[in-house]
Novice: 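Sharing a structure below in structure tokens format, with a few things to ask.
Computed from a prediction, not measured in an experiment: that's the story for all the values here. Position 1 is the first residue of the sequence; numbering continues from there.
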Amino acid sequence: MALNIVLHQPEIPQNTGNIGRTCAATGTRLHLIEPLGFQLNEKALRRAGMDYWQDIDVTTYVNYEEFLEKNAGAVVYYATTKGRQLYSDVSYEQDCFLMFGKESGGIPEEILKDHPKQCVRIPMLEQTRSLNLSNAAAIVLYEALRQNQFPNMRMEGQLHRLCWEE
């Protein structure tokens, strides 16, 4: 089982690096749909992802059509402020794809119109335009992981014991 994060045309390397680090910590695959607003070898990307970048399962696609072609039959949820349902009201499949759009404009309207039932939103105050991309990705990803009982993730053990030891 592996969940998937999809970034549609991300623009800011630090956000992608942070999301990459979250993917490394959770065993999540990262999919990047071009064009990207940065080079994958940029220092800012590596710095944000720190020393985890080499451990991330990253796939890039020339465009959204190639993503769909190479992942035929995939269940994709589209995170958008225009979503009809809350991200927490969805039952996430163990191998679904969680898509997030570019920082300046989100996922293109034409994609969202084709998938209204798979559009999800994170609640926030009305005057707020959107959350930071890496924060939004972590929120939705961890809900999907929680629903699937945090597969292969450390839940108890050494860190838990240290927290309570005197």
Novice: Under 3.5 Å, side chain of Asn15 to main-chain N/O of Glu11, donor-acceptor pair present?
Specialist: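 Checked: no pair found.
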Novice: Enter the distance from Ile56:CD1 to Leu30:CG here, rounded to the nearest 0.5 Å.
Specialist: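 These two atoms lie 6.5 Å from each other.
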Novice: Tell me whether Tyr142 is reachable from Leu133 by hopping between hydrophobic residues (I, L, V, M, F, W, Y) whose side-chain heavy atoms are closer than 4.5 Å.
Specialist: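 Yes, one cluster joins them.
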Novice: Do Lys70 and Thr59 pass the side chain to side chain contact (heavy atoms under 4.5 Å, CB included) test, and can you show the C-alpha distance, the side-chain angles, and the key distance before you say yes or no?
Specialist: CA-CA 10 Å; Lys70 292 196 173 173; Thr59 305; over 6 Å; no
Novice: Strictly distance-based, threshold 3.5 Å: is any side-chain N or O of Gln9 a donor or acceptor partner for the main-chain N or O of Leu7?
Specialist: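 A pair under 3.5 Å: no.
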Novice: When rounded to the nearest 0.5 angstrom, what is the spacing between CG in Leu36 and OG1 in Thr16?
Specialist: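 Reported value, rounded in 0.5 Å steps: 7.0 Å.
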Novice: Could you pull out all residues at least two apart from Cys96 that satisfy side chain to side chain contact (heavy atoms under 4.5 Å, CB included)?
Specialist: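 With neighbours one apart ignored, the set is Leu3, Val75, Tyr77, Tyr92, Glu93, Leu98.
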Novice: Return the CG to OG distance between Leu141 and Ser134, rounded to the nearest 0.5 Å.
Specialist: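 Reported value, rounded in 0.5 Å steps: 12.0 Å.
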Novice: Would you call Lys82 and Glu109 a side-chain contact if the rule is heavy atoms closer than 4.5 Å?
Specialist: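 Side chain of Lys82 against side chain of Glu109, heavy atoms only: contact under 4.5 Å found.
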Novice: Contact between Pro10 and Phe38 at the side-chain level, heavy atoms closer than 4.5 Å - yes or no?
Specialist: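 With C-beta onward as the side chain, the pair touches.
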Novice: Going from CD1 on Ile122 to OG on Ser88, what distance comes out if it is rounded to the nearest 0.5 angstrom?
Specialist: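 One gets 9.5 Å once the value is rounded to the nearest 0.5 Å.
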Novice: The criterion is ring-ring contact (aromatic ring centres under 6.0 Å, His included); which residues satisfy it with His31, sequence neighbours excluded?
Specialist: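 Counting only residues at least two positions away or on another chain, His31 forms a ring-ring contact (aromatic ring centres under 6.0 Å, His included) with Tyr61, Phe97.
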Novice: To the nearest 0.5 angstrom, please state how far the CD1 atom of Ile5 sits from the OG1 atom of Thr22.
Specialist: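 It comes to 8.0 Å.
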Novice: With the threshold set at 4.0 Å, does a side-chain nitrogen-carboxylate oxygen contact exist between Glu110 and Lys113?
Specialist: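 No.
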Novice: Is atom CD of Gln127 surrounded by more than 12 heavy atoms (other residues, nucleotides or ligands) closer than 6.0 Å?
Specialist: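 Yes, the 6.0 Å shell around CD holds more than 12 heavy atoms from other groups.
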Novice: If I take atom NZ from residue Lys117 and atom CZ from residue Arg84, how far apart are they, to the nearest 0.5 angstrom?
Specialist: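 Those atoms lie 8.5 Å apart.
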Novice: Between Phe67 and His8, does the side chain to side chain contact (heavy atoms under 4.5 Å, CB included) criterion hold? Intermediate values first, please.
Specialist: CA-CA 10 Å; Phe67 165 77; His8 187 273; over 6 Å; no
Novice: Of the options Val120, Asp114, Ile107, which is the one that meets Tyr78 in a side chain to side chain contact (heavy atoms under 4.5 Å, CB included)?
Specialist: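 That would be Ile107.
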Novice: Parallel under 30°, tilted from 30 to 60°, perpendicular over 60°: which one fits the rings of His115 and Tyr64?
Specialist: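 The arrangement is perpendicular - the two ring planes meet at more than 60°.
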Novice: Do Thr60 and Leu40 come close enough that some side-chain heavy atom pair is under 4.5 Å?
Specialist: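 The answer is yes; the side chains approach within 4.5 Å.
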Novice: Is there a path from Leu32 to Leu68 through hydrophobic residues (I, L, V, M, F, W, Y) whose side chains come within less than 4.5 Å of each other?
Specialist: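 Cluster IDs for Leu32 and Leu68 differ.
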Novice: Kindly give the heavy-atom pair with the smallest separation between Ala137 and Phe100, and that separation in Å.
Specialist: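 Nearest pair, atom of Ala137 first, then Phe100: CA-CZ, 3.4 Å.
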Novice: For the pair Glu143 (side chain) and Val90 (backbone), establish whether a donor and an acceptor sit closer than 3.5 Å, ignoring hydrogens and angles.
Specialist: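 Not a single qualifying donor-acceptor pair exists.
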Novice: Do you know the tightest heavy-atom contact between Gly27 and Ala2?
Specialist: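 Closest pair (atom of Gly27, atom of Ala2, distance): O-CB, 4.0 Å.
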Novice: May I ask you to test the Leu86-Arg121 pair for a side-chain heavy-atom distance under 4.5 Å?
Specialist: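 Side-chain contact under 4.5 Å: yes.
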Novice: Give a yes or no on whether the backbone of Asp95 and the side-chain of Asn4 come within a donor-acceptor separation of less than 3.5 Å.
Specialist: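 The answer is yes, because a donor-acceptor pair under 3.5 Å joins these two groups.
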